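Since the structure is predicted, the reported quantities are computational estimates derived from the model, not experimental observations. Throughout, a chain's letter reflects where its sequence line sits, starting with A, and its residues are numbered from 1.
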Amino acid sequence: MSTSISAKLASLGHALTPASTPVANFVASVQVGNLLFISGQIGIEAGAAAHPGRLGRELDAEQGYQAAQRATLSVLWHISAATNDKLLRVRRVVRVGVFVASTDAFTQHPQVANGASDLLVAVFGAAGQHARAAVGVAALPLGASVEVEAVVELEPGP
Amino acid sequence: MSTSISAKLASLGHALTPASTPVANFVASVQVGNLLFISGQIGIEAGAAAHPGRLGRELDAEQGYQAAQRATLSVLWHISAATNDKLLRVRRVVRVGVFVASTDAFTQHPQVANGASDLLVAVFGAAGQHARAAVGVAALPLGASVEVEAVVELEPGP
Amino acid sequence: MSTSISAKLASLGHALTPASTPVANFVASVQVGNLLFISGQIGIEAGAAAHPGRLGRELDAEQGYQAAQRATLSVLWHISAATNDKLLRVRRVVRVGVFVASTDAFTQHPQVANGASDLLVAVFGAAGQHARAAVGVAALPLGASVEVEAVVELEPGP
């Protein structure tokens, strides 16, 4: 049984690749009490958005699902960094916000957001089930198609 | 005096009608400590958005107010489900996020969001007064006009 | 050394000017435990948005930075009001949400959001470093260009 987040992801066929660390006056995550707030993440590759474009125009819902999954891998990177990569330090994923760059005619934001939700439950099981808000926005940093932020409840520990 | 959320809503002329339960890998609400995080809700009727359209185009601010009220009834359904329908289990409505599908020329998002705020205060009194963020987004799931999410502080209890 | 938020801002060349108090059924901030949730703020002058317009059309990133800074001054007003203006009551700025009214072609939301982040760190030092989500929305109340909301951890005290 996997006891690290990275090993669990590997067993699911995903690599835990380093997500960018903010170079501005904010940080990737802040812990307050047992709650960990993770900054909004987009998938980045070689300094550019991994899945650029807008849902309903350049991308369809299945491609958006992949983009949400990719952004969630960055969320998981920061969870791993904050928990010393220990899977069991995550008691519960509390809330996930999924911002989808979309045309005003696009309506399948939930299908896109499932790319985040499915990966979180694959990694954490029932503890990965979260409250969620999924909305369609005008644009995202670097022209990304999906941004994911999260609040996670942690077990006490090193 | 009403002691259940459903009776209080009935006294206000509203029926507490079942809101949809997520069929994906997320849940309607998550409690962490005494905080209850409720997923973003839209009004749904017969599988479709109850108030579809975009503010500033198909809908005006008064219709948006109704849509926000309707979405908040779904929020209240999930609060009721998490509190065994007990009005006094809600110590405080902490934060409400109101996402309004709007044109880029629409500016009356606060008037729309008041449909959520007014109902919460009608139900919970001073405990219903909350911090709020109201913004205009490009599009919402199912073509809904308003989505409402909430964080609520609960009293301990069954 | 400045021990009040207003004096610290003055030392940075900013005046702490009264932000609007909601006239609807919500409030500027809600404290739950040691967390203070502050409502989404826009800069307001004489009843109108201080920095109206949309990024990528009427405003460029530098003007957006100023708008984000201005909205954050309103956030700081409400933090000051909740803490009796005591700088050291703020243990940590936990999360900041920055909503940027933008065209769908605009990609510099992080640069805009830095107007919020830079001011918070200038005021609170390392305690001002926060988790952040920055997204581009269709429109904001009163036609504002930037809205900023925050969650802050407080030290116990009067």
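- If you measure heavy-atom distances from F99(B) to chain A, the contacts under 4.5 Å come from the side chain alone.
- The line from CG of L35(B) to CZ of R95(A) is 13.0 Å long, rounded to the nearest 0.5 Å.
- By the salt bridge (charged side-chain N to carboxylate O under 4.0 Å, His left out) test, E155(B) pairs with R91(B), sequence neighbours left out.
- Contacts between residues 109-143 of chain B and chain A, defined by a heavy-atom separation under 4.5 Å, are made by V137(B), A138(B), A139(B), L140(B), P141(B), L142(B), G143(B).
- Each of T103(A), N34(A), T107(A) has some count of heavy-atom pairs under 4.5 Å with chain B, and the biggest count is that of T107(A).
- Residue L55(A): no heavy atom, backbone or side chain, is found under 4.5 Å from chain B.
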How far apart are the C-alpha atoms of V32(B) and R92(A), what are their side-chain angles, what is the distance that settles it, and do they pass the side-chain contact (heavy atoms from CB on, under 4.5 Å) test? CA-CA 8 Å; V32(B) 51; R92(A) 186 72 190 259; over 6 Å; no
